[in-house]
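Both ligands and their constituent atoms are indexed starting at 1 by order of listing.
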Amino acid sequence: MLKAELHCHLEGATPPALARAKAAKYGVTVDDLITPDGESYAWSDFTTFLAAYDRIAGLFRTPDDFFDLSHAHFAELAGQGAIYAEVFLSPDHMGRHGSYPDCLDAVIEGSLKAREETGIEGRFIPLAVRNFGPERALAAAEQAVRYARPQVTGFGLAGDERAFLPADFHAAFATAHEAGLSCTAHAGELAGAESVRQALDALPVSRIGHGVRAVEDADLVRRLADEKVALEVCPGSNIALGIYADLAAHPLRALMDAGVRVTLNSDDPPFFRTSLAQEYESCGASCGLSEAELADLTRTALAAAFVDEETRQRLLHSLP
Ligand code: ADE
Ligand code: ZN
């Protein structure tokens with residue numbers, strides 16, 4: 001099964017072994033954050049998840065660190081059958097210790113090395129962190145635009161959806177969108193349908209990160225289908241964060257049946273004990289998706305990808 005991913009946070013994909021290696025390099029410890037089996041990170045709710053995320057992100061400081069992380073991520077995804085992957089970058093995190101453009105170039109180099117080795121195609125979406133507020137969001141958008149690269153094709157908004165309103169980020173999104181970046185925003189994850197509606201009304205977005213809680217409002221579900229908004233659905237993340245009890249309770253299938261364009265994604269894989277391959281497998285088994293429906297999710301992801309038309313068509317034609 002060939003796969004494509006639209007929603008994964010770079011630092012959120014840090015393999016715990018790489019976190020330990022970088023912690024040793026900087027003379028700090030993250031042992032308290034790594035679970036006893038060494039496979040994931042420990043946190044207890046969204047707030048402690050974001051705090052753990054910040055600490056892991058703080059282990060990546062130089063271009064070499066970012067190269068290692070990016071290369072490891074794309075190589076891992078290619079090993080899982082992914083032919084295309086977009087990755088969220090946070091200029092707020094990447095610029096904390098060093099230069100954002102130098103770290104950005106290293107991240108791109110890491111993906112290009114993985115492409116040479118495996119063929120996987122990568123694109124990047126710098127994003128603003130909602131709980132850092134509108135001013136820092138505007139600064140993130142300005143950096144996304146100033147350091148334009150062919151592989152940087154989008155702009156996004158993540159972080160705590162309970163902080164501020166989408167409209168507060170209008171200036172940041174206008175800056176990015178006017179410069180030709182395609183846009184997406186996390187909404188309908190921690191907050192309900194109204195949050196998704198606000199993001200669609202206030203921001204120039206063609207996709208929504210998560211968006212699953214739109215299912216709480218039938219009119220909004222129809223709007224998503226009519227306007228062909230693609231949802232970057234991350235079932236394992238939703239279950240780990242307690243938004244749904246299990247896959248049987250997850251609205252993926254209901255959204256598909258309502259004609260909404262959905263894609264499958266891993267979000268922050270080791271934080272949520274998941275992977276892109278596991279999302280395909282578990283949704284196949286527990287949401288009753290056939291092989292053909294899973295293959296269609298890859299097609300939808302490529303159709304909704306923030307990528308040039310030539311690459312999109314090449315990737316679509318490479319599918320069986
Ligand atoms: N940053 C990293 N992962 C996130 C998520 N699932 N929701 C919001 N912000 C995030
Ligand atoms: Zn996310």
- Task: Could you check L2, L297, I83 and say which one makes a side chain to side chain contact (heavy atoms under 4.5 Å, CB included) with L302?
- Result: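 Only match with L302 under side chain to side chain contact (heavy atoms under 4.5 Å, CB included): I83.
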Short N-O contact, [X] and [Y], less than 4.0 angstrom:
X: R222; Y: D226; result: no
X: R55; Y: D32; result: yes
X: E279; Y: K3; result: no
X: R213; Y: E161; result: no

Can you tell me which portion of [X] lies within the under-4.0 Å heavy-atom range of ligand 1? Options are side chain, backbone, both, or neither.
X: F46; value: side chain
X: F49; value: side chain
X: E161; value: neither

- Query: Would you say G159 has any N or O atom under 3.5 Å from an N or O of ligand 1, going by distance alone?
  - Reply: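 By distance alone, the answer is yes.
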- Message: Under 3.5 Å between any N/O of E189 and any N/O of ligand 1: does that happen in this structure?
- Response: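 Among all N and O atoms of E189, at least one is under 3.5 Å from an N or O of ligand 1.
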- Vertex the Zn ion (ligand 2): angle to NE2 of H186 and OD1 of D267, to 10°?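 With the Zn ion (ligand 2) as the vertex, NE2 (H186) and OD1 (D267) sit 170° apart.
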Starting from [atom], which protein heavy atom do you reach first, and at what distance in Å?
atom: atom 1 (N) of ligand 1; result: H9 CE1, 3.5 Å
atom: atom 3 (N) of ligand 1; result: D268 OD2, 2.7 Å
atom: atom 6 (N) of ligand 1; result: D267 OD2, 2.6 Å

- Message: Using only atom types and a distance under 3.5 Å, with no angle test, would you say the side chain of N131 pairs donor to acceptor with the backbone of D160?
- Response: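 The answer is yes, because a donor-acceptor pair under 3.5 Å joins these two groups.
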- Query: Between E293 (side chain) and S290 (backbone), is there a donor-acceptor pair under 3.5 Å?
  - Reply: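 It does hold such a pair.
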- In terms of atom number and element, which parts of ligand 1 are under 4.0 angstrom from non-hydrogen atoms of A158? 9 (N)
- Note on the structure: Of all the N, O or S atoms in H7, the one nearest to the Zn ion (ligand 2) is NE2
- Pair F124 and F74, ring centroids less than 6.0 Å apart: yes
- Query: Heavy-atom contact under 4.0 Å between H210 and ligand 1?
  - Reply: yes
- Message: Strictly under 2.8 Å, is the Zn ion (ligand 2) approached by any N, O or S atom of H9?
- Response: yes
- Query: Would one find more than 12 heavy atoms of other residues, nucleotides or ligands at under 6.0 Å from atom CZ of R223?
  - Reply: yes
